[in-house]
Q: 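Structure below; questions to follow.
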Amino acid sequence: MRAFCAIGSGQQIPCLSKGLLTTPRTRLCFPERLFFCQAKSADDSGIDGSFSFEALPTTLLAAEKEEAKAVLTLFLKKKGLSNAVAARTVNKSDIFIDHLVLRLHSIHKSRYLVGRELTTLEIRDVLIPYLETLAKEHENHIVDVVENFPNPPVKEKTAVPISQPNPTLDSKRLKAISRVSEIGPAGKLRPHILYLIELGMDLEQIKAITRRFPAFAYYSLEGKIKPVVEFLLDLGVPKSDIPTIINKRPQLCGISLSENLIPTMTFLENLGVDKKQWSEVIYRCPPLLTYSRQKVKSTVEFLYEMGLSAERIGKILTRSPNIISYSVEDKLRPTAEYFHSLGVDVSVLLHRCPQIFGLSIEANLKPLTKFFLGKGYSIEDVGTMISRYGALYSFSLSENVKPKWEFFLTMDYSKSELVKFPQYFGYSLEERIKPRFARVKECGVSVLLNQVLSLSYSNFEKALNKKMKKMLSDKDELQACSSNDLQQDNVQ
């Protein structure tokens, strides 16, 4: 059965949702060729001909959704959206993400029949051209297209809108949300809901999770949720962290311990992930254990390719497990090539500051490079600054770098001081830089920039006292010399 995920004015066409949109409204029409997607037959899915993901492994489906989210996030950033807006849009667009995954399955149906996973490159090659076509058709409404899918964005408001159900919630989603607050025969909520509440979650939080991930409402307590929670507690995860982890990655509760979680952890431990720090690793990046083995391998292979040793890769995965979430071809490789063009040792930078490889080249990296070049620094200077302090490129240009640069110009240091000590940009302007420099001026001494900021308060004061004593000593010597010279002149 074919399902068209777009409608013209007043058409009744089934999509991922079983609901029908029947009320005519003034809309920008989506071409059917853009939103065509192949659904399973009713016989295959068992649910009115709508597509079902139930036959797919949980880890594979979760990994593909994460890949789709990464591609969509990158795409929105390239279209000029800020990191925050792009992330917010993606988080509000679960149905569109499902649609992207459905498109992957439609185009690569033969791969799934033989049980082969798609690579990151294959996923990108399907989704990016599709998103580009979509953007071309609805250039000024792309966020509305994504957030309101499958409803096209409203071109103009109608005078009297006709009340209708929220089109972004299909019947399965509504049923799942309703299930969360259902009271059983004993007059209580379902066991797994009560268990989650005992862990520190509230009913509204559980509903919010279910709204994003409907399958969560159907996880059994003894078969899925409780074993995973107890496993996390045994790893040393504090009970107070469990609600945060589940909220970030509810899919984690649906993964088999013996078939998925433990083998994945063993695989990562063999790569060098510190098994003593699993509680911190999981808290920082709950999706890590839900990614497919292929996705993890592709990232590890890239890190080897960049010249990192197995030991350093293990440390990176322990400190910054989020690097696994970055697409190798869309994010890591282009970023590595960009830093290499600035003369940076990419392997060293990856080891010291892997998180900056998740930044946008166009929105974050290039503007900062352009800023420093515009202030008279050379490419070599910029490369040196990044090599010495990779976190520099994680700072906001407008809110961090520019204000601190303007103050630096008043500090009587040469511009080369920032090449020697780019960590200057990592200190608070109001709480550290200004008070420390005011103290230096008050004492009337000259102190190196790194000493002004990097020393502890007590050591900073000791350095100032030492400088002042030396200054007074030099002054006394100068006065003594001047006095002796004057006496000799009088004798002569």
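Basis for what follows: all heavy atoms, side chains included, without hydrogens, waters or symmetry-related copies.
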Q: Please confirm whether Tyr424 and Phe408 have ring centers closer than 6.0 angstrom.
A: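 Yes; Phe408 has its ring centre under 6.0 Å from that of Tyr424.
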
Q: Determine whether Trp278 and Val273 make a side-chain contact, defined as any pair of heavy atoms from C-beta on separated by less than 4.5 Å.
A: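 Trp278 reaches Val273 side chain to side chain.
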
Q: For the pair Leu100 and Val71, evaluate side chain to side chain contact (heavy atoms under 4.5 Å, CB included) and give the outcome as yes or no after the intermediate values.
A: CA-CA 10 Å; Leu100 293 180; Val71 171; over 6 Å; no

Q: Test of understanding: with side chain to side chain donor-acceptor pair (under 3.5 Å), list the residues that count as partners of Lys434, not counting sequence neighbours.
A: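 Here the qualifying residues are Glu430.
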
Q: With sequence neighbours excluded, tell me which residues meet ring pair (Phe, Tyr, Trp, His ring centres under 6.0 Å) with Phe425.
A: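 Residues passing ring pair (Phe, Tyr, Trp, His ring centres under 6.0 Å) with Phe425: Phe372.
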
Q: Other residues, nucleotides and ligands only: do more than 12 of their heavy atoms fall within 6.0 Å of CD on Glu431?
A: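 12 or below, so no.
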
Q: Cut-off 3.5 Å, side chains only: do Asp381 and Thr384 have a donor facing an acceptor?
A: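 Distance-only check fails for Asp381 and Thr384.
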
Q: Would you check if Thr210 and Arg179 make a side-chain contact, meaning some heavy-atom pair closer than 4.5 Å?
A: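 Answer no - side chains too far apart.
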
Q: Nearest 0.5 Å, what's the NZ-CD1 distance between Lys69 and Ile97?
A: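 That separation rounds to 6.5 Å.
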
Q: Using a distance-only test with no angle check, is there a side-chain donor-acceptor pair under 3.5 angstrom linking Thr369 and Tyr393?
A: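 Yes, because at least one side-chain N or O of Thr369 sits under 3.5 Å from a partner of the opposite role on Tyr393.
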
Q: Can you list everything that forms a side chain to side chain donor-acceptor pair (under 3.5 Å) with Arg249? Sequence neighbours excluded, please.
A: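 Arg249: side chain to side chain donor-acceptor pair (under 3.5 Å) contacts with Glu66, Thr290.
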
Q: Rounded to the nearest 0.5 Å, how far does NZ of Lys275 lie from CG of Asn270?
A: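 The NZ atom of Lys275 is 8.5 Å from CG of Asn270, to the nearest 0.5 Å.
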
Q: I want to check something: taking the side chain as every heavy atom from C-beta on, are Tyr219 and Val228 in contact at a cut-off of under 4.5 Å?
A: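 In short, these two side chains do not touch, never coming nearer than 4.5 Å.
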
Q: With a 4.5 Å cut-off on side-chain heavy atoms, are Thr299 and Tyr291 touching?
A: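 No; the side chains remain at least 4.5 Å from each other.
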
Q: Should Lys295 and Val328 count as side-chain neighbours, where that means a heavy-atom distance under 4.5 Å?
A: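 No; the side chains remain at least 4.5 Å from each other.
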
Q: Think Lys248 forms a cation-pi with Tyr283, using NZ or CZ under 6.0 Å from the six-ring centre and within 45 degrees of its axis?
A: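 Yes, Lys248 sits over the ring of Tyr283.
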
Q: So, for Lys188 and Leu194, which heavy atoms are closest and what is the spacing to 0.1 Å?
A: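 Result for this residue pair: CB-CD1, 4.2 Å.
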
Q: To the closest 0.5 Å, what do you measure between OH (Tyr338) and CD (Glu362)?
A: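 One finds 8.5 Å between OH of Tyr338 and CD of Glu362.
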
Q: Side chains of Thr335 and Leu365: does their closest heavy-atom pair fall under 4.5 Å?
A: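 With C-beta onward as the side chain, the pair touches.
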
Q: Check whether any side-chain heavy atom of Leu268 lies under 4.5 Å from a side-chain heavy atom of Leu288, and answer yes or no.
A: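 Yes, side chains in contact.
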
Q: Are there more than 12 heavy atoms of other residues, nucleotides or ligands under 6.0 Å from atom CD of Glu305?
A: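 Correct, the count exceeds 12.
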
Q: Measuring from Met306:CE to Asp345:CG, what's the distance to the nearest 0.5 Å?
A: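 Here the interatomic distance stands at 11.0 Å.
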
Q: Supply the atom-to-atom distance Ile324 CD1 to Leu332 CG, rounded to the nearest 0.5 angstrom.
A: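 Result: 9.0 Å between the selected atoms.
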
Q: Any side-chain heavy-atom pair from Ile361 and Pro334 closer than 4.5 angstrom?
A: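 A side-chain contact under 4.5 Å exists here.
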
Q: Taking atom types as modelled, find out whether Asn322 and Ser320 have a side-chain donor-acceptor pair closer than 3.5 angstrom.
A: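 No, no side-chain donor-acceptor contact under 3.5 Å.
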
